[in-house]
Structure formats: structure tokens, C-alpha cells
Amino acid sequence: MERTLSIIKPDAVAKNVIGKIIDRFETNGLRVAAIKKLQLSRDDAAKFYEVHRERPFFNDLIDYMTSGPVVVMVLEGENAVAKNRELMGATDPKEAAPGTIRADFAESIEANAVHGSDSLENAQKEIAFFFAQREIL
Ligand code: GDP
């Protein structure tokens with residue numbers, strides 16, 4: 001059993017497809033162990049995306065991630081980290097495999113509907129960034 005962090009990003013929340021995206025996880029063997037809707041501050045978003053600070057798109061990414069509410073979740077299941085990444089599809093929706101969340105719901109390489117932890121180690125850090133132990137069930 002693994003746990004991973006998923007974020008339904010502002011573009012997908014604005015499109016009212018939270019339920020459709022969660023359905024992809026539940027239909028494919030992942031369980032929602034924790035969930036909340038929140039508005040990220042610029043400080044939150046900058047800390048969360050710290051590894052991208054030197055990238056040319058960093059400021060745009062912070063603008064985008066704070067442009068509206070997000071839904072953050074802990075997903076739990078067998079191989080949850082890899083399974084979530086597989087269901088999400090490639091970062092750029094133009095390259096995402098048909099039937100993946102990004103192929104179906106993303107707008108662009110930036111407004112790409114979902115975030116998912118890319119390793120078990122990052123999953124643990126990202127989960128702790130958003131959730132207290134008592135909120136994960
Ligand atoms: P992910 O793990 O698939 O989310 O991709 P990355 O960790 O490489 O990038 C983090 C996020 O930054 C992506 O999900 C996008 O929202 C954004 N991003 C990545 N590459 C680009 C880019 O080339 N341009 C812009 N504007 N945003 C990008």
C-alpha cells in the first residue's frame with residue numbers, strides 16, 4: 001500500500017470536473033484517504049513548487065496555482081504513486097495518452113488539471129505539507 005498527493009488544479013476546479021476526476025481514481029483502485037478544497041497563497045505555492053524556482057515558468061506557475069481554489073487529496077492504494085501518474089498522463093496534454101486525465105481535462109502544459117507526486121519520498125513530503133496525521137483516514 002502506498003499513499004500519494006493529488007491536486008485538482010484551478011483550471012479543473014473552475015470547469016466543475018472535480019467529481020469526474022475523482023471517479024478516475026476510484027474506478028482504478030485508488031481510495032481518497034483525505035480531501036480538502038483550499039485557496040493557495042503565493043507563499044504556499046512557492047514553497048510547494050520550490051524545486052522549480054529557477055525555471056523560466058516559475059512566476060507563471062505561481063500565478064496559475066493561486067488563480068482559484070484547488071482540491072488536495074491523499075490517494076491510497078497499491079503502487080499509488082505510479083498509478084496516479086499513469087492516470088494523469090504526460091505534463092503536456094498534447095502528449096498525454098488518450099483516456100488520461102490530462103488528455104481529457106487539461107487546457108495547456110501549464111493549466112494541466114492535476115498534480116501528482118513523482119516519487120514515494122516526495123509523496124510523503126507533499127502529504128505532510130497539506131495534511132495533519134489525524135486528517136488522513
Ligand atoms: P508534472 O510532474 O507532470 O506536474 O510536471 P513538472 O513537475 O515538470 O512541472 C510542474 C508543473 O509546472 C506542471 O504540472 C505544469 O503546471 C507547470 N509546467 C511544467 N512545464 C511547464 C512549461 O514548460 N511551461 C509552463 N508555463 N508551465 C509548465
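Whatever order the structure lists ligands and atoms in, that order sets their numbers, starting from 1. We number each residue from 1, following the sequence as shown. Small disclaimer: the values here were computed from a predicted structure and weren't measured.
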Give the residue and atom name of whichever protein heavy atom lies nearest to [atom], and the separation in Å to one decimal.
atom: atom 19 (C) of ligand 1; answer: Phe57 CZ, 3.6 Å
atom: atom 2 (O) of ligand 1; answer: Arg85 NH1, 2.9 Å
atom: atom 6 (P) of ligand 1; answer: His52 NE2, 3.7 Å
atom: atom 13 (C) of ligand 1; answer: Asn112 ND2, 3.5 Å
atom: atom 4 (O) of ligand 1; answer: Arg102 NH2, 3.1 Å
atom: atom 16 (O) of ligand 1; answer: Glu110 O, 2.8 Å
atom: atom 3 (O) of ligand 1; answer: Thr91 OG1, 2.6 Å

Considering both backbone and side-chain atoms of Asp60, is one of its nitrogen or oxygen atoms within less than 3.5 Å of a nitrogen or oxygen in ligand 1? no

Is there at least one pair of N or O atoms, one from Tyr49 and one from ligand 1, spaced under 3.5 Å apart?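 No, Tyr49 has no N/O under 3.5 Å of an N/O on ligand 1.
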
Out of curiosity, is [X] lining ligand 1, as in a heavy atom under 4.0 Å away?
X: Leu61; answer: yes
X: Met88; answer: no
X: Ile109; answer: yes

I would like to know whether Phe129 and Phe48 meet ring pair (Phe, Tyr, Trp, His ring centres under 6.0 Å); could you show each step before the answer? CA-CA 8 Å; Phe129 185 84; Phe48 186 77; 5.7 Å; yes

Lys9 vs Tyr64, test: side chain to side chain contact (heavy atoms under 4.5 Å, CB included). Steps then yes/no. CA-CA 9 Å; Lys9 294 182 175 182; Tyr64 158 61; 3.0 Å; yes

Is a salt bridge present between [X] and [Y], judged by a nitrogen-to-oxygen distance below 4.0 Å?
X: Arg102; Y: Asp92; result: no
X: Lys47; Y: Glu50; result: no
X: Asp104; Y: Lys20; result: no

